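One structure is given here, and the rest of the page talks about it.
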Amino acid sequence: VHRMSLRTARDAPARGWGAAAARARRAVGRAVPQGAKDAVVRAALLDRPSPAALERLRHHYAYWREKWGWDPLNPDVDEVRRRYGETEVCWAYDEGRRAAGEAILAHYASG
């Protein structure tokens, strides 16, 4: 879910034809004006997820809403705080939790 919008797979080849194609795409991308690239993306409908990807996103968003009780794309912050304000989910609103988090970060930053 978190990588759906990326252009290449995690296991893209580092050498060979795949790497050469990636270098060629980047070179063309640097040479073509952004307006032209945007027009191609719109015309080819490349800015829209595939039906399978869209269905997968709908499934994940519905699961999130069922599990957590709020929308992941446009959360009602007051509702999130009402439901989870006393938990680590809302750590930034609790002085003690925020201080503990900062202490953890300071420990790892110093070592």
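Worth saying up front: this structure is predicted, and the values here are computed from it rather than measured.
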Notebook entry, point to check: CD of E86: more than 12 outside heavy atoms within 6.0 angstrom?
Noted result: no
Notebook entry, point to check: Looking at CD of E79 and CG of D71, how far apart are the two atoms once the value is rounded to the nearest 0.5 Å?
Noted result: 12.0 Å
Next item on the list: With rounding to the nearest 0.5 Å, note down the distance linking OG1 in T87 to CG in D94.
Entry: 9.5 Å
Notebook entry, point to check: Take atom CH2 in W68; do more than 12 heavy atoms of anything else shown fall under 6.0 Å from it?
Noted result: no
Next item on the list: Just grab all the salt bridge (Lys or Arg N to Asp or Glu O under 4.0 Å) pairs involving residues 99-111, residues at least two apart or on different chains.
Entry: none
Margin query: Is there a side-chain contact between E55 and S50 in this structure, where contact means two heavy atoms from C-beta onward sitting under 4.5 Å apart?
Written below: no
Next item on the list: Would you kindly confirm whether W91 and I104 end up in one hydrophobic cluster when ILVMFWY residues are joined by side chain heavy atoms under 4.5 Å apart?
Entry: no
Next item on the list: Could you pull out the closest heavy-atom pair between K37 and V32, with the gap in Å?
Entry: CE-O, 3.4 Å
Notebook entry, point to check: Same hydrophobic cluster for V89 and W64, using side-chain heavy-atom links shorter than 4.5 Å among ILVMFWY?
Noted result: yes
Note to self: Is the shortest side-chain heavy-atom distance between H59 and R56 below 4.5 Å?
What the structure shows: no
Next item on the list: Locate the shortest heavy-atom distance separating R48 from R42; write the atom from each residue and the value.
Entry: NH1-O, 4.3 Å
Next item on the list: Identify the heavy atoms of P75 and P72 that sit nearest to each other, and give their distance.
Entry: CD-O, 4.1 Å
